[in-house]
2 protein chains.
Amino acid sequence: MSDATPPRPPAARRSRRHDPGRRDRLIDAALTVIAERGVAATTHREIARVADVPLGSMTYHFTSLEEVLAEAFTRHAESVARVFDERLSAAPDREAAIEAVIALVADDLLGSRHDLVLSVELYVAAARNPTLRAVTQAWMTRSRHALERHFDATTARELDALIEGLVLHSALSTDPMTPEQIRHAVHRFLR
Amino acid sequence: MSDATPPRPPAARRSRRHDPGRRDRLIDAALTVIAERGVAATTHREIARVADVPLGSMTYHFTSLEEVLAEAFTRHAESVARVFDERLSAAPDREAAIEAVIALVADDLLGSRHDLVLSVELYVAAARNPTLRAVTQAWMTRSRHALERHFDATTARELDALIEGLVLHSALSTDPMTPEQIRHAVHRFLR
DNA sequence: GCATCATATGTACGAGTGTACACATCGTGC
DNA sequence: GCACGATGTGTACACTCGTACATATGATGC
């Protein structure tokens, strides 16, 4: 035993040798960084710090930073779309579907804003990155199809846009809309 | 005449000594860069290049890059808000106001997407910068008030959100909505 | 003409970045 | 046990960035 006082990294990190889920955790860490600090501040080093992993681990698991961002945003979009899908599938009728939509919007607003910030960051990134544009496109198509379980195609598209606007405007405002106000707007549109 | 072949900067730049509008042109150049390359790629050097001005000019006219961004976004928001205001003020009645709104949305979509990209970039930036959040807030308040010339407060707020959603969703989609579809959605909401 | 000073410019520096890559470590098949 | 290849790590390098600052330039008042 010659390592009485190893001056290397802290023990907590040392013990992580060979963990199979590391790549996944790195993607999650990337999402955390994007949500908290923005895409611009999302660097190899920052992600590694959040995931408590050495810098070299980033270049081992990903060939470039762009790949990390793409995978992270893909995971985010799929996760949001899945919830949207599930809740609308579970709705037995049109009335229940409307309530589900309102609940989803309210969740987004009252929640940690984590998801909302991620979405807007994705929009901006998608404006200049074809890969991310495809991710956004797939996401939008999926939520529209989810709405089409209960509404005709035109209504689905318009309602989707209304939801987007309500969430975004509300989130950027100093006095966000209440669930009641959301309900009012949605019902007014669908009346 | 000893300057037969001056190896210095190109003549075009040399001749710009002392132009009073330079600060303004720098802000415009910043907006161009933000729209074309994104906030992340908006650096002192890139702005200076676009404005055809030496790097040192940036630090002379602005104390920091953040100041440049703040002034640029302020100019953008005010410019958009002014147009919105003017067109709605010119509308003699509710019907004309609705048409004005539809025309504004269609312009945004059919236009160069320049303004739209700037707006989304502003949203993201505002999420983390209090100064920019104030700019966004002032802009939203102003457009709501413009709408309140023709609609009650609740309707104005909801319509504002609907517009936002229509423009954003449409811009991100591979098949943007046509002016007819925009008209349909707006009329449906206000019917 | 000339002194003065706001305006304008070129260059340098330290900090932080993405990525490459040589080296260390360990599970696995024999 | 042990060789070997997959996995993990530390460090170095070339580059870009924001900003500071010494210097140059020219408009203006006298």
Side-chain angles (χ1 to χ4, degrees), chain A residues 1-3 6-27 29-30 33-34 36-72 125 128-129 131, chain B residues 1-3 6-27 29-30 33-34 36-72 125 128-129 131:
Chain A
M1 287 61 162
S2 57
D3 55 354
R8 306 302 183 68
R13 180 179 305 170
R14 251 277 168 279
S15 68
R16 287 262 181 67
R17 207 67 223 210
H18 245 89
D19 60 329
R22 172 171 295 195
R23 199 172 190 279
D24 269 357
R25 283 192 304 113
L26 288 178
I27 295 176
V33 176
I34 296 170
E36 288 181 358
R37 314 275 309 270
V39 169
T42 304
T43 66
H44 277 135
R45 286 168 177 81
E46 184 62 20
I47 297 171
R49 209 170 299 141
V50 168
D52 189 29
V53 140
L55 172 61
S57 196
M58 292 300 298
T59 56
Y60 176 73
H61 286 287
F62 306 94
T63 65
S64 74
L65 189 59
E66 210 180 315
E67 184 185 323
V68 185
L69 292 177
E71 296 219 24
R128 291 183 185 81
N129 183 325
T131 305
Chain B
M1 292 75 156
S2 56
D3 56 352
R8 305 301 185 64
R13 181 179 303 173
R14 251 280 168 275
S15 69
R16 287 262 181 68
R17 209 62 226 216
H18 245 89
D19 60 330
R22 173 171 293 191
R23 198 171 190 279
D24 269 356
R25 282 192 304 113
L26 288 178
I27 295 176
V33 175
I34 296 170
E36 288 180 359
R37 314 275 307 273
V39 169
T42 303
T43 66
H44 278 135
R45 286 167 176 82
E46 184 62 21
I47 297 170
R49 208 171 298 139
V50 168
D52 188 29
V53 139
L55 171 62
S57 197
M58 291 301 298
T59 55
Y60 175 73
H61 286 288
F62 305 94
T63 64
S64 74
L65 189 58
E66 210 180 316
E67 183 184 326
V68 185
L69 292 177
E71 296 218 23
R128 291 183 185 81
N129 184 325
T131 305

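Convention: sequence-line order gives letters A, B, ...; per-chain numbering from 1.
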(message) Let me confirm one number: the NE2-CG distance from A:H61 to A:D24, rounded to the nearest 0.5 Å.
(response) 10.0 Å
(message) Counting neighbours of CZ on B:R128 that are heavy atoms of other residues, nucleotides or ligands and sit closer than 6.0 Å, is the number greater than 12?
(response) yes
(request) When you get a sec, tell me which of D:dG8, D:dA12, C:dT9 is the closest nucleotide to the side chain of B:S57? (result) C:dT9
(request) Can you tell me the distance, in whole Å, between the CD1 atom of A:I47 and the C1' atom of C:dT17? (result) 13 Å
(request) Can you tell me the distance, in whole Å, between the CZ atom of A:R22 and the C1' atom of C:dC26? (result) 13 Å
(message) D:dC17, OP1 or OP2 - any side-chain N/O from B:H44 closer than 4.0 Å?
(response) no
(message) Side chain of A:P54 only, heavy atoms from C-beta on: which candidate in C:dG10, D:dT9, C:dT19 is closest?
(response) D:dT9
(request) First locate atom CE of B:M58, then atom CD of B:E67, and finally report the distance between them rounded to the nearest 0.5 Å. (result) 9.5 Å
(message) At a heavy-atom distance below 4.0 Å, what parts of residues 58-70 of chain A sit against DNA chain D?
(response) A:Y60, A:H61
(message) I need the single residue from B:T42, B:I27, B:L55 that forms a side-chain contact (heavy atoms from CB on, under 4.5 Å) with B:I47. Which is it?
(response) B:T42
(request) Take atom CD of A:E46 and atom C1' of C:dG18, then tell me their distance rounded to the nearest Å. (result) 15 Å
(message) For a quick test of reading the model, state the closest non-hydrogen atom pair linking A:L26 to A:A51 and the distance between them.
(response) CD2-CB, 3.6 Å
(message) D:dT11, OP1 or OP2 - any side-chain N/O from A:R45 closer than 4.0 Å?
(response) no
(message) Looking at A:R37, I want to see if its CZ is surrounded by more than 12 non-hydrogen atoms of other residues, nucleotides or ligands under 6.0 Å.
(response) no
(message) In this structure, how many angstroms lie between the P atom of C:dA6 and the CZ atom of B:R23, rounded?
(response) 17 Å
